[in-house]
S.K.: 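For reference, the structure I am asking about is given below.
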Amino acid sequence: MQTQLESLFGNDIYETIVRTAEVNATAELSNVTKTAPMLKLLATILLTKGEKLFICATGEKTGKRYEAVKCLCSGQQIESIKTAQLSNSRVKLKLYDKSKEKNITDKGLLRIEFIYSSRGLKVARTGKTLAEFLKPDSILSLLSWYRKDYKELLIDCYWNNTDRYDLNDEYNVPVYEEMITIIYNDLVSHDGQPLSVALINKNLIEIDYELFKRACKRYYPKLNSAQKAWARVQKSGEIQVNIGVIDEFVSISKQIISG
DNA sequence: CACAAGGTGGACCTATGGAC
DNA sequence: GTCCATAGGTCCACCTTGTG
């Protein structure tokens, strides 16, 4: 790489000031259809942090109710999410469906990019010039910040790990638990009515059907009735059923963090 | 392997609400 | 009011899966 850079730009290139840098990972999902719900999950998580998101989406149509109508869409299929400079002003985040670009595989490809600002690079101590930036220490440091930022932004929020042992903070409910609670509370206030409740909470349930199953298990005293309820809702065809999205989020997160 | 727990599908019953 | 369709809760029989 060194010789290539030299031959292209001459020796002065190493004095170039590095102002931004991108760190990327591509996560492979078991199925193309999982990418869109995965992006929904990530958007939901990021929105809890009060960050602004730029979401690029196309319309999608699911549910038999929408067969009665020609044009109207039932929801959005997210293709990419960008954040503004995050509140720490060190980094921007970009998430998108890589298989949309490449169109090569039946696996889903989720691209996770962190774009570090000059402030972000300063905090990561990667030096000012390209020569300093290219040192192994700088690159390793940036990678460790990447892991740290990913953990703080997405995982800690999902699990609500504050990393602080603040005994006064008794509120320690992970986001996925809150999602289940919302659905569960609707089941309670409607005395069941699983199909109506599912439609009310379509946006959550379509992230991962497991959320609805958990809410049913919590609501019905008899496991059997819970199973019947979610089976009938699934059979109704009104709700997009995505399975195992949250599980895959957890497993790709582990891979990213452990490097 | 055996066993338990979880999941699926069929059958039955009941409550509700609309058509007449 | 009756009649009927539908949603949804329960029970049962059977299959699948994970665990020791």
Side-chain angles (χ1 to χ4, degrees), chain A residues 27-42 44-45 59-77 105-110 151 154-161 172-259:
Chain A
E28 192 175 281
L29 308 179
S30 61
N31 192 299
V32 215
T33 59
K34 280 193 179 161
T35 321
M38 181 70 75
L39 285 167
K40 269 185 199 171
L41 173 65
L42 296 170
T44 309
I45 292 173
E60 72 182 350
K61 246 184 146 169
T62 42
K64 293 195 171 168
R65 291 177 307 143
Y66 281 83
E67 287 170 10
V69 123
K70 209 175 171 189
C71 313
L72 188 68
C73 289
S74 60
Q76 293 97 42
Q77 172 142 356
T105 160
D106 57 344
K107 307 255 174 153
L109 294 175
L110 179 73
K151 181 172 179 302
L154 295 168
I155 301 180
D156 288 350
C157 180
Y158 175 73
W159 291 104
N160 194 11
N161 302 323
N172 192 28
V173 180
V175 177
Y176 72 91
E177 276 294 337
E178 289 195 343
M179 295 175 176
I180 296 168
T181 300
I182 290 285
I183 303 166
Y184 168 79
N185 285 346
D186 283 342
L187 283 169
V188 171
S189 60
H190 289 78
D191 293 318
Q193 308 245 36
L195 184 55
S196 306
V197 170
L199 287 173
I200 292 169
N201 294 290
K202 202 171 185 295
N203 55 341
L204 289 179
I205 295 172
E206 289 189 342
I207 290 173
D208 193 326
Y209 203 63
E210 193 61 33
L211 295 168
F212 185 57
K213 289 187 179 181
R214 296 281 172 89
C216 287
K217 274 190 199 170
R218 195 177 296 173
Y219 172 73
Y220 292 95
K222 295 176 184 174
L223 176 61
N224 211 319
S225 304
Q227 290 165 336
K228 212 68 202 180
W230 76 59
R232 279 173 175 151
V233 169
Q234 178 161 6
K235 206 181 170 197
S236 78
E238 298 293 358
I239 299 278
Q240 199 185 91
V241 176
N242 295 305
I243 295 163
V245 176
I246 288 178
D247 284 348
E248 285 205 26
F249 165 72
V250 172
S251 92
I252 63 175
S253 296
K254 278 183 188 157
Q255 287 172 39
I256 286 175
I257 292 220
S258 59

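Just so we're on the same page: letters track the sequence lines, and every chain starts at 1.
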S.K.: Roughly how many Å is it from NZ in K228(A) to P in dT8(B), rounded to a whole number?
M.R.: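 Atom NZ in K228(A) sits about 10 Å away from atom P in dT8(B).
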
S.K.: Specify the separation, in whole Å, of atom CD of Q193(A) and atom P of dT16(B).
M.R.: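 In whole Å, dT16(B) P and Q193(A) CD are 10 Å from each other.
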
S.K.: Assess whether side-chain contact (heavy atoms from CB on, under 4.5 Å) is satisfied between V241(A) and F212(A), documenting all intermediate values.
M.R.: CA-CA 10 Å; V241(A) 176; F212(A) 185 57; over 6 Å; no

S.K.: Whole angstroms only, please: what is the CG-P distance between L187(A) and dG8(C)?
M.R.: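 Nearest whole value for this atom pair: 11 Å.
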
S.K.: Figure out the CZ/P separation between R232(A) and dG8(C), and round it to whole Å.
M.R.: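 Roughly 8 Å, once rounded to whole Å.
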
S.K.: According to a strict under-4.0 Å criterion, is Q227(A) in side-chain N/O contact with OP1 or OP2 of dT8(B)?
M.R.: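 No, outside the criterion.
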
S.K.: Within this structure, what is the CH2-to-P distance between W230(A) and dG9(C), rounded to whole angstrom?
M.R.: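 For the pair W230(A) CH2 and dG9(C) P, the rounded distance is 13 Å.
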
S.K.: Is there a side-chain contact between T44(A) and M179(A), using heavy atoms and a 4.5 Å cut-off?
M.R.: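 The answer is yes, as the side chains (C-beta and beyond) meet within the 4.5 Å cut-off.
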
S.K.: If you look at every strand shown and take non-hydrogen atoms under 4.0 Å, does K217(A) touch a base, only sugar-phosphate, or nothing?
M.R.: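 Answer is sugar-phosphate: K217(A) comes under 4.0 Å of backbone atoms only.
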
S.K.: Quickly work out the R214(A) CZ to dG6(B) P distance and round it to whole Å.
M.R.: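 Value for this atom pair: 12 Å.
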
S.K.: Report the distance from atom CD of Q193(A) to atom CG of D186(A), rounding to the nearest 0.5 Å.
M.R.: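 With rounding to 0.5 Å, CD (Q193(A)) is 11.5 Å from CG (D186(A)).
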
S.K.: How do N224(A) and Y220(A) order along DNA chain C: which one's closest nucleotide is nearer the 5' end?
M.R.: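 Upstream on the strand: Y220(A).
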
S.K.: Distance from I207(A) atom CD1 to N201(A) atom CG, nearest 0.5 Å?
M.R.: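 Taking CD1 in I207(A) and CG in N201(A), the distance rounds to 11.0 Å.
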
S.K.: In whole Å, I'd like the distance from the NZ atom of K235(A) to the C1' atom of dG9(C).
M.R.: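 The answer, rounded to whole Å, is 16 Å.
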
S.K.: Between C1' on dC13(B) and NZ on K222(A), what's the gap in Å once rounded to a whole number?
M.R.: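 Checked: the NZ to C1' distance equals 13 Å.
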
